[in-house]
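This report refers to the structure that appears directly beneath it.
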Amino acid sequence: METGPGKETKEMTQSCCIEEVELIERCRRGSRGAFEPIVEKYMKDAYYIALGLVGNREDALDLSQEAFAKAYINISSLNSKWGFFPWFYQILRNLCFSHLRKRKVRRAHSIEQLTEDGAVAFESDCESPEDPIEEKEMKQGLWEAIGQLDEKHKEVIILRHFKNMSYDEMAKALFTNKGTVTSRLYYARQKLKDILERQRDPQTRKEAFGEPRKGGRQE
Amino acid sequence: MTCQNYQDLMMGYLDDELSSEQRRTFEEHLESCEGCRSEFEQFKKLKRITDSVQLAEPEDEMWQKYWGGVYNRFERGIGWILMSVAGIALLIYGGFKAVEAIVKDPTVGLMLKIGILAFIGGVAILFVSILRERLYFWKRDRYKDVQK
């Protein structure tokens, strides 16, 4: 299924169209109205990223709105060569991660909370015919597993899988290069696999993804 | 090239980020390397799982009210900044006036006046010292632009 919030935003980090530069210039001169189209353009991305990072709808709404307000107040420090979104993303991620650290939300991604909250949707028609029970279990454990990743690995998983960003877009948003993005993704997925394996019953966990590869690189 | 070099290609292949030449290189390697083949299968399975879980879309009402929420916040933010700056300025002014009144008051003992002036002097020295140290380290912090 290619619908859903994460699949429609290929163009989200197009760094700097002329219109956006003009709007930002007007914001710098104190126009609040000029900030409205910018918020409307990026609000969904901001909300879903925050939801992925903190795992709770109310907090995601709160933190994403806070990030926009902070961005507007600090708009003079935005370097126009970065484009709005990568700069804004730094504000958003810092808010989300410091929120998680402050509240010590250890189980922010517990599936009970997220499904009750209605923040996560499962696609039952997408299940693999082979071993569906095993994969179903893993889907249940996925959010908890993502919640256990460290910050830099969690964000690449969220940006890639739930915002469908390309490697170039991710590199821009993370102020890094494509090579680093790729290696973080590799390591994040390795860790995710390990956590999902550990979550499973000890007797069957080795078969979950097969034997782990020896000598995987570390980042 | 070792298998480790193919890890980047493996991620790119999974996420459809490779050129056709890179795809071919990776596919050729997969044919000849059982280790990478099984690792690739594991990653494919993980991707299938992550792809099947999505974040649910909230009601439209939330998006309609979104801008209002942001607007209220920065209005409040600006309010806080103004209030704090004005509060600090008023405190400094009030403090200055109070000290001036005490110093000029002939009924207040000399020792108390000296004590108050020494206290203010001490606070000022501490403030300047901390500020200078912060500036010194900030200028020399090679990692200040690094994203954490």
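Lettering follows sequence order; numbering is per chain, from 1.
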### Task
Taking atom types as modelled, find out whether A:Tyr186 and B:Gln7 have a side-chain donor-acceptor pair closer than 3.5 angstrom.
yes
### Query
Will you find, in the side chains of B:Gln42 and A:Gln190, an N or O donor that is under 3.5 Å from an N or O acceptor?
no
Roughly how far, to the nearest 0.5 Å, is [atom2] of [Y] from [atom1] of [X]?
| X | Y | atom1 | atom2 | result |
| --- | --- | --- | --- | --- |
| B:Leu18 | A:Tyr167 | CG | OH | 8.0 Å |
| B:Thr50 | A:Ile146 | OG1 | CD1 | 7.5 Å |
| B:Phe43 | A:Leu192 | CZ | CG | 10.0 Å |
| B:Leu14 | A:Arg189 | CG | CZ | 5.5 Å |

### Query
Just wondering, are more than 12 heavy atoms of other shown residues or ligands nearer than 6.0 Å to CD in B:Glu100?
yes
### Task
Could you tell me whether A:Lys191 atom NZ has more than 12 heavy atoms of other residues or ligands within 6.0 Å of it?
yes
### Message
Looking only at heavy atoms and a cut-off of under 4.5 Å, which of A:Lys178, A:Glu40, A:Glu66 has the most pairs with chain B?
### Response
A:Glu66
### Summary
Given A:Ile157, A:Thr176, A:Leu61, the one with more heavy-atom pairs under 4.5 angstrom with chain B than any other is A:Leu61
### Chi angles and distances behind the side chain to side chain contact (heavy atoms under 4.5 Å, CB included) call for B:Arg73, A:Asp62
CA-CA 10 Å; B:Arg73 267 160 209 275; A:Asp62 206 44; 2.5 Å; yes
### Query
Between the side chain of B:Glu17 and the main-chain N/O of A:Ser166, is any donor-acceptor distance below 3.5 Å?
no
### Query
Among B:Tyr66, B:Tyr71, B:Phe74, whose side-chain contact (heavy atoms from CB on, under 4.5 Å) with A:Phe68 holds?
B:Tyr66
Provide the closest heavy-atom pair for [X] versus [Y] in the form atom of the first, atom of the second, distance.
| X | Y | value |
| --- | --- | --- |
| A:Phe162 | B:Val53 | CE2-O, 3.0 Å |
| A:Lys44 | B:Glu57 | NZ-OE2, 3.8 Å |
| B:Pro58 | A:Tyr47 | CG-CE2, 3.8 Å |
| A:His161 | B:Lys47 | CE1-CG, 4.0 Å |

### Query
Are there residues of residues 75-99 of chain B that reach to under 4.5 Å of chain A by heavy atoms, and which ones?
B:Glu75, B:Gly77, B:Ile78, B:Ile81
#### Entry: Ionic contact status for B:Lys45 with A:Glu197, cut-off 4.0 Å
no
### Query
For chain B, which residues from residues 30-38 of chain A lie under 4.5 Å away (heavy-atom distances)?
A:Arg32, A:Phe35, A:Glu36
